[in-house]
Number of protein chains: 2
Amino acid sequence: MGDKWSVLVVMLLGDGPRRFSDLKRAIEGISQRMLTLTLRGLERDGLVARTVFPTNPPRVDYSLTSLGHTLIEPVRALGAWADENRFEIQRAREDFDRRTTAELAPASSRSAVGEGA
Amino acid sequence: MGDKWSVLVVMLLGDGPRRFSDLKRAIEGISQRMLTLTLRGLERDGLVARTVFPTNPPRVDYSLTSLGHTLIEPVRALGAWADENRFEIQRAREDFDRRTTAELAPASSRSAVGEGA
DNA sequence: CAGCATCCTAATAGATACTG
DNA sequence: CAGTATCTATTAGGATGCTG
C-alpha cells in the first residue's frame, strides 16, 4: 500500500506477532476500522499472516510473513531518513509558507530566478 | 509526502533537472494539476528546487535539492523491493481474492486456525 | 510553455453502533 | 476480543477554460 498506517503496522510486527487490540493500542490515533482495513490489505498482499485462535474470547494474532519480513529493511531505511530529516523538512515548510504567505506583499516573485541557459 | 506521484518525480529528477512538460510527458497518467500540486509539495518540503528562466516562452526547471538527493537511495531501495516482489504480491492478491470470493460457498472460514497457545 | 482557478465526482477517513 | 455495518465529512483527483 504505502500509506502511513501500513508502514507503522509493518514496523510494529517486525518485532514479533501482535494481537488486534494490542496493535490498536500501540498505534494510537488509528481507528479500529482503519486498523481492520490496513491489516486486511496487508494480508491480501501476502505481507501479513492472520491466525485465529478459536478460544473464548476470540484471539487473533497478526505476524509478518517471510515476504513481509523482507519489507522491513527498506521501510526502516525510509523511516530512518524521515526521522533524520524531519527538522530540516519542518524548517523548509515554514520557510516556504512564510514566503508564500507574503503573496500579498509583492515586489518579489516566489522562486529562484535562473540565468538564461 | 509518500504518495506515488512524488516518488516518481523524485526518481526522475534523480537523473538530473527536468522541465514541467518534460515531467508531464515522462510520467504519463498524471494530470497537469497533480503534477503542479506534487511539485509544489516537494518544493515546500525542501526536496525540489524550482528555477524560473524569464524567457519567452517561459521555462521552469525542477531539480532535486541536496536534501532531495539523500532521499533517492531509500526510495530506490523501496522501489527495487516493489519491483522484485510484484509478482509474488500479485499472486497473493489473486489467492486472497479467490479465497474471499468463496465467501458464499462456506464450510471453511477465511483464515488459518492456530492451535491454542 | 507553465501554470492557476473552478467545478465536480469518486474514493477515503473517521465516528458510532452493533454482533459472535 | 475482534471485528462488521453504516453514515458523514474530508480529501484526492480529473476536466476544462484562461493567463503571462
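Because only heavy atoms are used, hydrogens play no part in the values below, and waters and symmetry mates are left out as well, while side chains stay in. Quick note on labels: first sequence line is chain A, next is B, and so on, each numbered from 1.
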Can you find a donor-acceptor pair, distance only, under 3.5 Å between Gln32(A) side chain and dC1(D) base? no
Which of these nucleotides, dA2(D), dC1(D), dT16(D), is closest to any side-chain atom of Arg50(A)? dA2(D)
At under 4.0 Å, does any side-chain N or O of Tyr62(B) touch on OP1 or OP2 of dC1(C)? no
Do NZ/NE/NH1/NH2 and the carboxylate oxygens of Asp95(A) and Arg91(A) come within less than 4.0 Å? yes
Proximal nucleotide (of dC1(C), dG3(D), dG3(C)) relative to the Phe20(B) side chain: dG3(C)
Of dG14(D), dG3(C), dC1(C), the nucleotide closest to the side chain of Pro58(B) is dC1(C)
Looking at the side chain of Ser31(A), which of dA15(C), dA5(D), dG20(D) is the nearest nucleotide? dA15(C)
For dA2(D), take OP1 and OP2 only and decide whether either is under 4.0 Å from a side-chain N or O of Arg19(A). yes
Can you tell which of dC1(D), dG14(C), dG14(D) lies closest to the side chain of Ser21(A)? dC1(D)
Examine the side chains of Arg18(A) and Tyr62(A) and answer whether a donor and an acceptor come within less than 3.5 Å of each other. no
Using the side-chain heavy atoms of Arg33(A), tell me which of these nucleotides is nearest: dG3(D), dG14(C), dC1(D). dG14(C)
Taking the six-membered ring of Phe53(B), is the NZ or CZ of Arg59(B) close enough (under 6.0 Å from the centre) and on axis enough (within 45°)? yes
Taking the side chain of Val60(B) as heavy atoms from C-beta outward, which of dG14(C), dG3(C), dA5(D) is closest to it? dG3(C)
With the side chain defined as heavy atoms from C-beta on, Arg40(B) is closest, among dG3(C), dA5(D), dC1(C), to dG3(C)
Whichever of Lys4(A) and Asp22(B) has its nearest DNA chain C nucleotide further upstream toward 5': Asp22(B)
